[in-house]
Amino acid sequence: MQCRYKAVSPFIRVLLYLLILTLAFAGCAKKAPETATPSSETTSTSPEANNMPGKRNNETPVTPAKEQQVNYIETGDLKAIKKHGTIRFVNLTGASENLLPRDSVVSLRHFELANKLANQLKLEAKWIKAATPDQAVEMLIAGEADVIAYNLTVTDAREKIIDFAVPIRHSRQQLVTGPSGPDISDPSKLKDVELIVPQGSANIETAKELIAKYPDANLTVKEFVVHGNRDGLVDMLNQGKNRVAILEDFSAEGLRNYRDDLRLGAYVSEVQNIAWGLRKDAKRLHSTVDNFLTRNLVKAQEERITDWKGIKKSGVIRLLTYNGPTTYFLWKGLLMGFDYDLAKAFADKHKLQLQIIVVPYEEDLADWLRAGRGDFAGAELNITSSYEAKGMVFTKPYVESADQVISNKDKPPIEQIQDLNGRKLTLRAYSSFIDSAKTLRDAGINVEIQVAPPDMSQSQIFSLIEDGLIDATIAHSGRAKIEASVQPNLVLGTLLGDPQPQGWLVLRQNWHLLKNLNKFIQNYRKTAKYKKQYAAYFEPNKRFMQRVSSRVIPGENLSPYDDLVKESAFKYDFDWRMIVAQMWQESNFNPKAVSPVGAQGLMQVMPATAEEMGFPPPLFEPERGIKAGVKYMDWVRDRFNPSLPTVNKLWFTLASYNAGYGHLLDAQRLAKQLGLDPNIWFDNVEVAMLKLAQPQYFKRARYGYVRGSEPVQYVRNISNLYKAYVEMMSDDVSAVSPINRSPDNTYCSPQNTPEGVIKQIPKYSAP
């Protein structure tokens, strides 16, 4: 019987051998060093720019770890996806984009749902950023992503090329314009109007349909690159009287919740489905996603009053709170707050999704709780019996805080209660501090009491004391300590009595929920995690509280890591002396530094941010920590307008590095509203940043509350130290010593800088 197969020719053998070698090298590439420089072939979904400034020609480009995990082509179904150990989600913001406190359902947005789906599939979620919805679709089809987890509008054209999961929500497109814009009550009234639409969105077709329907209206269309920043679109509307945007109704409503400079008009589309996108023929993945979304809550809960059984059935527990410094806010892209952290820990323990409902400052938490808008409520509420008559009870206390006096350091100290004689206390309206002050006066203390206007926040009172415009105030001791740590002119005074317990409010009939909350609080307060969280919000970080008194010694190193800094600074076109000044501000040159909220290393980079930069944590090795921080500085700087003056771009970059890019955008916008220059930091945008700690301003800001004194002091300290370094050290980085050189024992730390250059290093790591 003849053999059915022919012998393999030598030529074929060579080809097979080369193929095996290629596959072997491809496998080894996945183990590239984590600190490697990104490849020039990195896609636009990565946060870093493709063409890095100052990149050296003799460097061998190697794709960083994170890019290796997403830069592959896979067009198969779920079984094929699982072989990679990852599932790639694409949207217009990426994974590390700022999460906004004012979103209606924080834990049920696409990001949370997608990560939960990945966990269920036992895969690692990887996030890719697309510039437009159309680009996200292209990436999905090309096998560069597996799921579009975004508010993607289902259209006939898209259904021909991709599949959609079950609808997550419904929407209609709506006309939006500024206060002085044209009449948008009916599309037929539009005349000589420029229609603004997000680039690559389904809204473009709607605009074209309007142009075709009203040929005599002289309508034109202009695409706007949103990149997750719809505020820029609204600002563009207000720059002209003939501009009208077409937005999804939920986006328009979301903008109106905090911006009063836009009007909503007529709907210009039928009701459309919003859904996740999937590749054609990925039947198993499609079925899995559909079943997952069906089982999970994908829209905001209606008002309800229910006890534990109903909460568990829904899978969601809702916390009513305020956007503020100790409750719930955004910092460096993370949702934070003492109440938020504890509530999240409780929800996680019981496998519930936490929904944060931000109550307007002018409204009462108790009223919202009684109306069924949340399941429990909390925001620095002292436990009193006053709520019992309203049918509400408190949990066990989750924190205690005493009332404390705080005043200006240039005035006589208030170290004991008797020192208040002849002094004047300015107190926040409607606060419990008013009763505390009246108790003092009734006890014979000759203290003048002034109640601040209702729209003046505690932060604003602190700022007035800092500037010497008012005498003193009373605040919770934890808040007072933190403010005194970042505002050098504030000094702590006497405590007024024992610490008072604070708790969460629950409806009396929800006894089972109350029982579970009490059990959780009682046990959680004994844990190390609770102590760490308490320290992050209420204890100043002493590592950042150093003062300067000595002089610089010319000719000595600025830090033990000058050569490492010079290498990274040269690569990304930064002055190395500025990076050293920033490094001192961040970590006091301690490579093992860890902040209470998890920032690591010499540059105090958050682990999630470091991974986005291609440097998965830990970051305690000096070279690794410096490279991650400088690369992130470069990424932040690239987000600003190229026309921005160089020096101010540097200050903006530092402020964004500290507080977050979103808060900087809010400060620029507010500066313009206040008649200040939005392109100048000192005495302009920094003034607006300080005001974003006040409710009358941050409640209208896209990114909400920020402790503005921190980025303001942060930039001032670094700029002063940088100037001192410039006067004494050359900027020559052409002769960089070998990296493995042992650092000199002497260097110019701020202990050796000119006296008075920096008054105080504020706490950066704790919010």
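Note that the numbering runs from 1 along the sequence shown for the chain.
- A salt bridge between Asp666 and Arg700 is absent, with no side-chain N of the basic residue lying under 4.0 Å from a carboxylate O of the acidic one.
- Leu255 has its side chain within reach of Leu247: a pair of non-hydrogen atoms, C-beta onward, lies under 4.5 Å apart.
- Under a 3.5 Å cut-off, the side chain of Asn203 and the backbone N or O of Ser201 do not form any donor-acceptor pair.
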Please report the C-alpha distance between Leu650 and Met578 in whole Å, then the side-chain angles of each, then the deciding distance to 0.1 Å, and finally whether the side-chain contact (heavy atoms from CB on, under 4.5 Å) criterion is met. CA-CA 10 Å; Leu650 175 60; Met578 190 281 297; 3.5 Å; yes
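- With contacts defined as side-chain heavy-atom distances shorter than 4.5 Å, the pair Gln533/Phe338 qualifies.
- In this structure, Phe589 has its ring center closer than 6.0 angstrom to the ring center of Trp584.
- Aromatic ring pairs are classed by plane angle as parallel below 30°, tilted from 30° to 60° and perpendicular above 60°; the pair Trp651 and Tyr722 is perpendicular.
- Here Trp576 and Phe570 keep their ring centres 6.0 angstrom or further from each other.
- The distance from atom CG of Asp261 to atom CZ of Arg669, rounded to the nearest 0.5 Å, is 9.0 Å.
- The pair Lys631-Asp634 fails the salt-bridge criterion, with no side-chain N (NZ, NE, NH1 or NH2) lying under 4.0 Å from an Asp/Glu carboxylate O.
- Using a 4.5 Å heavy-atom cutoff, the side chains of Glu612 and Tyr632 are not in contact.
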Audit row: Asn717, Gln713, side-chain hydrogen bond (donor to acceptor under 3.5 Å, both in side chains) steps and yes/no: CA-CA 6 Å; Asn717 287 344; Gln713 197 65 34; 3.3 Å; yes
Check step by step if side-chain contact (heavy atoms from CB on, under 4.5 Å) holds for Val594 and Phe620. CA-CA 9 Å; Val594 181; Phe620 302 127; 3.4 Å; yes
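- Residues Ile128 and Met139 have side chains in contact (heavy-atom distance under 4.5 Å, counting atoms from C-beta outward).
- Pairing each heavy atom of Ala245 with each of Leu237, the nearest pair is N-CD2, 3.5 Å.
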Report the C-alpha separation of Glu586 and Leu602 in whole Å, then their side-chain angles, then the decisive distance to 0.1 Å, and conclude whether the side-chain contact (heavy atoms from CB on, under 4.5 Å) test is met. CA-CA 7 Å; Glu586 292 289 356; Leu602 288 165; over 6 Å; no
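- Although no hydrogens or angles enter the test, the distance criterion places no donor-acceptor pair under 3.5 Å between the side chain of Asn151 and the main chain of Ile274.
- The closest side-chain donor-acceptor pair between Tyr697 and Gln673, if any, does not fall under 3.5 angstrom.
- No donor-acceptor pair under 3.5 Å is formed between the side chain of Ser568 and the backbone N or O of Val565.
- The closest donor-acceptor contact from the side chain of Gln668 to the backbone of Pro678 lies under 3.5 Å.
- For Asn641 and Ser643, the side-chain atoms include at least one donor-acceptor pair closer than 3.5 Å.
- The shortest side-chain heavy-atom distance between Val685 and Ile680 does not fall under the 4.5 Å cut-off.
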Between Gln199 and Ile204, does the side-chain contact (heavy atoms from CB on, under 4.5 Å) criterion hold? Intermediate values first, please. CA-CA 8 Å; Gln199 187 182 58; Ile204 298 172; 5.6 Å; no
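- Looking at every heavy atom in both residues, Asp146 comes nearest to Thr86 through OD2-O, 4.4 Å.
- The minimum heavy-atom distance between Val605 and Gly629, with the atom names listed, is CG2-CA, 3.6 Å.
- In this structure, the separation between CD on Glu138 and CD1 on Ile162 is 11.0 Å, given to the nearest 0.5 Å.
- Atoms CZ and CH2, from Phe111 and Trp127 in turn, are 6.5 Å apart once rounded to the nearest 0.5 Å.
- No hydrogens or angles considered: nothing links the side chains of Ser587 and Asn590 as a donor-acceptor pair under 3.5 Å.
- When atom types are taken as modelled, the side chain of Arg707 and the backbone of Leu690 share no donor-acceptor pair closer than 3.5 angstrom.
- Relative ring orientation between Tyr150 and His110 is described as tilted, the plane-to-plane angle lying within the 30° to 60° band.
- Listed for the Asn658 side chain is no donor-acceptor partner under 3.5 Å among the backbone atoms of Leu654.
- A pairwise comparison of heavy atoms in Pro622 and Pro591 identifies CG-CB, 4.0 Å as the closest pair.
- No side-chain donor from either of Tyr725 and Asp575 sits under 3.5 Å from a side-chain acceptor of the other.
- Contact of the Glu611 side chain with the Met606 side chain is not registered, since no non-hydrogen atoms from C-beta on lie closer than 4.5 Å.
- Between the CG atom of Leu665 and the CZ atom of Arg702 there is a distance of 10.0 Å, given to the nearest 0.5 Å.
- Contact check on Glu74 versus Arg88 returns no salt bridge, with no Lys/Arg side-chain nitrogen under 4.0 Å from an Asp/Glu carboxylate oxygen.
- At a cut-off of 3.5 Å, with distance as the only test, no side-chain donor of Asp677 or Asn684 sits close to an acceptor on the other residue.
- Side-chain contact between Pro616 and Arg624 is present, with heavy atoms from C-beta onward closer than 4.5 Å.
- With hydrogens and angles ignored, the 3.5 Å screen pairs no side-chain donor or acceptor of Tyr657 with any backbone N or O of Val636.
- Here the shortest heavy-atom pairing between Trp276 and Leu117 reads CZ3-CD2, 4.1 Å.
- Listed for the Asp562 side chain is a donor-acceptor partner under 3.5 Å among the backbone atoms of Leu558.
- Between Tyr561 and Glu623, the side chains place no donor N or O within less than 3.5 Å of an acceptor N or O (distance only, hydrogens not considered).
- The heavy-atom pair separating Ala569 from Ile579 by the smallest distance is CB-CG1, 4.4 Å.
- Judged by distance alone, the side chain of Gln600 and the main-chain N or O of Leu619 form a donor-acceptor pair under 3.5 Å.
- Aromatic rings of Tyr703 and Tyr661 (six-membered ring for Trp) have centroids beyond the 6.0 Å cut-off, not under it.
- Relative orientation of the Phe652 and Trp681 rings is perpendicular, given thresholds of 30° and 60° on the angle between their planes.
- In this structure, CD1 on Ile141 lies 9.5 Å from CZ on Arg279, to the nearest 0.5 angstrom.
- Here NE2 of His84 is found 5.0 Å from OH of Tyr72. Values are rounded to the nearest 0.5 Å.
- For the pair Val580 and Arg577, the minimum side-chain heavy-atom distance is 4.5 Å or more.
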